[in-house]
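Everything below concerns the one structure shown next.
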Amino acid sequence: MIDPALLRTEPERLIRSLRRRGLEIDITPIIELEEAARKTRQRAEEIRAAQKEAGREIARLQGSEKEAAIARVSALADEFKALESEAEKLAGQFDDVWATIPNLVDDRAADGRTDADNVEVRRVGKQTEFDFDPVDFATLGTRLDLIDMDRGAKVSGSRFGYLKGQAVLLEFGLVRFVFDRLVAKGHVPMVPPVLVREDALYGTGFFPGDREQVYSVSDDDLYLVGTSEVSLAAYHGDEIFNADELPKRYAGFSTCFRREAGTYGKDTQGLFRVHQFDKVEMFVFCRPEDSPAEHERLLAVEEEIVQALELPYRVVNVAAGDLGSSAAKKYDIEAWFPSQKTYREITSCSNTTDYQARRLKVRMRTESGNRILHTLNGTAVAIGRVILAILENHQQADGSVRMPKALIPCLGFDHLGP
RNA sequence: GGAGAGGUGGCCGAGUGGUCGAAGGCGCUCGCCUGCUAAGCGAGUGGAGGGUGAUAUAGCUCUCCCGAGGGUUCAAAUCCCUCCCUCUCCGCCA
């Protein structure tokens with residue numbers, strides 16, 4: 001959520017940001033609604049003050065004097081109730097609208113409406129070449145008996161799969177590999193809940209906008225997270241940090257659940273786009289002035305990991321129109337997939353500035369009062385996609401797949417296959 | 001799943017309808033005092049949102065917050081309802 005004061009102080013900034021996202025929203029009624037809510041609330045408070053003052057007098061009176069005073073004040077009480085409910089109605093209407101307004105776009109975010117407009121920041125590593133006929137990840141996964149999508153579909157439906165055999169050991173090796181690095185960099189490792197209350201999803205900006213992407217467990221009013229970003233962000237909800245405690249850096253391992261509504265026919269091959277996958281996610285709470293540098297830092301950590309896995313990749317600055325509602329600026333890392341002859345997203349790293357923090361009420365103490373702080377998130381490793389990238393890029397002529405050197409100590413083997 | 005207890009400010013803890021945002025203690029901050037790791041004395045010390053003010057602070061002022069949300073009342077931390085959480089015992093499962 002953006003600071004509502006912006007409506008009064010810099011409405012043109014909000015308009016510009018919305019335009020960059022490709023949204024044509026007339027904010028005039030929003031401004032009017034905010035003002036009406038504030039004014040009504042003010043009037044209600046004045047009545048309330050008078051009522052309380054009268055109440056203090058009543059406490060001192062006795063007998064018929066008291067009866068008379070009560071009779072006089074009850075009119076004030078009625079008036080207050082009416083004004084208050086009107087103020088609440090207006091505030092509720094404003095909140096509903098305001099919650100749907102996405103974060104202010106950072107000036108440095110790329111222009112454009114879709115992922116086609118993403119701006120390449122850099123390329124690292126040479127696109128993998130083979131002196132034999134390479135195959136795609138789906139074929140490799142099946143042939144090496146690492147991934148079983150058919151039985152996943154039988155048991156759970158499309159876009160579910162089994163990870164099997166060495167792929168499982170590879171997953172846990174990757175997790176260990178990544179956690180070792182992140183812990184050394186000061187990230188506190190976490191295994192957070194994957195079932196959360198509505199508040200956590202609202203607080204992180206996934207609700208109300210992306211409701212259809214989230215699995216719900218309606219009997220218990222709980223939701224399955226699509227990323228541990230949700231439970232990590234909500235971890236410090238409604239808390240106030242001392243400025244010297246910041247930044248607070250975390251790394252959460254969790255299974256992620258996504259309904260992938262509206263993606264029918266997209267990436268149907270293999271494990272690339274599935275309803276359930278495991279991921280290690282970085283999450284940071286920091287001072288507002290530090291978030292741009294922290295964003296670069298998270299990206300650097302991601303690049304370090306991808307480089308250690310010996311994957312060719314590029315970094316893109318995501319176009320304003322393709323940003324999620326909470327992100328002000330976002331970098332994706334895309335790994336080279338030889339079978340598709342293209343770079344595909346394997347990580348994502350966002351500066352959400354104060355958008356989530358304001359919704360979640362995460363603050364920091366400063367000399368001039370408490371302030372909303374900034375939050376950021378970034379993928380350390382999305383297991384499924386990284387395994388696929390490793391399969392394709394590191395496949396050998398004999399049908400096996402070599403393991404990146406840095407990973408071998410965490411695995412206990414140096415190749416996939418017999 | 002059954003039975004019970006409880007959730008008050010950074011922490012402990014009092015408070016069962018009236019001037020309580022809330023005694024007392026601890027902690028913390030500032031000052032004083034003290035010739036010495038300490039003690040004593042004094043003052044201050046929650047959060048959210050408005051208004052006013054100003055270069056920006058400060059200050060002044062109003063409303064809300066005693067787990068959350070509703071209700072009763074002129075008036076609620078205190079009474080009623082719903083929910084959440086914690087603890088204890090029993091049961092069940094591992």
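Fair warning: this is a prediction, and the values are worked out from it, not measured in the lab.
- Under 4.0 angstrom from either OP1 or OP2 of B:rG50 there lies no side-chain N or O belonging to A:R48.
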Below 3.5 Å between N/O atoms, which protein atoms pair up with nucleotides 17-20 of chain B? Just atom names and distances, please.
unit_1	atom_1	unit_2	atom_2	d
B:rG18	O6	A:K66	NZ	3.3
B:rG18	N2	A:G55	O	3.4

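- Which of B:rG47, B:rG50, B:rC74 sits closest to the side chain of A:R8 comes down to B:rG50.
- Among the nucleotides B:rG49, B:rG50, B:rG47, the one closest to any side-chain atom of A:E45 is B:rG49.
- Residue pairs meeting the salt bridge (Lys or Arg N to Asp or Glu O under 4.0 Å) criterion with at least one member in residues 205-217 of chain A, sequence neighbours excluded, are A:E198-A:R211.
- Legend: residues meeting side-chain hydrogen bond (donor to acceptor under 3.5 Å, both in side chains) with A:K185, ordered by chain and number and at least two apart, are A:E304.
- In this structure, A:R38 reaches the B:rG51 phosphate: one of its side-chain N or O atoms is under 4.0 Å from OP1 or OP2.
- Counting only heavy atoms from C-beta on, A:A49 has its side chain closest to B:rU63 among B:rA48, B:rC74, B:rU63.
- A close approach under 4.0 Å does occur between a side-chain nitrogen or oxygen of A:K52 and OP1 or OP2 of B:rC64.
- Pairing for B:rU57 is absent, judged as Watson-Crick or G-U wobble with the two contacts each under 3.5 Å.
- If you look at A:F206 and A:Y223, their ring centroids are not closer than 6.0 Å.
- Checking the phosphate oxygens (OP1, OP2) of B:rC85, a side-chain nitrogen or oxygen of A:R197 falls inside 4.0 Å.
- When both pairing distances are held under 3.5 Å, B:rU78 makes no Watson-Crick or G-U pair with any nucleotide shown.
- Legend: residues meeting side-chain hydrogen bond (donor to acceptor under 3.5 Å, both in side chains) with A:H275, ordered by chain and number and at least two apart, are A:Y215.
- Residue contacts for A:E57: at a heavy-atom cut-off of 4.0 Å it reaches no nucleic acid atom on any strand shown.
- B:rC20 and B:rA76 have their P atoms separated by 14 Å, with the value rounded to a whole Å.
- In this structure, A:H374 has its ring center at least 6.0 angstrom away from the ring center of A:Y355.
- Taking atom CG of residue A:L90 and atom P of nucleotide B:rG50, one finds them 16 Å apart after rounding to whole Å.
- Between B:rA75 and A:Q51, a contact under 4.0 Å exists linking OP1 or OP2 to a side-chain N or O.
- Taking the ring pair (Phe, Tyr, Trp, His ring centres under 6.0 Å) definition, one finds that A:H394 meets it with nothing, sequence neighbours left out.
- In this structure, CG of A:N242 is placed 18 Å from P of B:rG27, rounded to the nearest angstrom.
- Here A:Q395 pairs with nothing under the side-chain hydrogen bond (donor to acceptor under 3.5 Å, both in side chains) rule; sequence neighbours left out.
- Among the nucleotides B:rG47, B:rG50, B:rC74, the one closest to the side chain of A:N370 is B:rG47.
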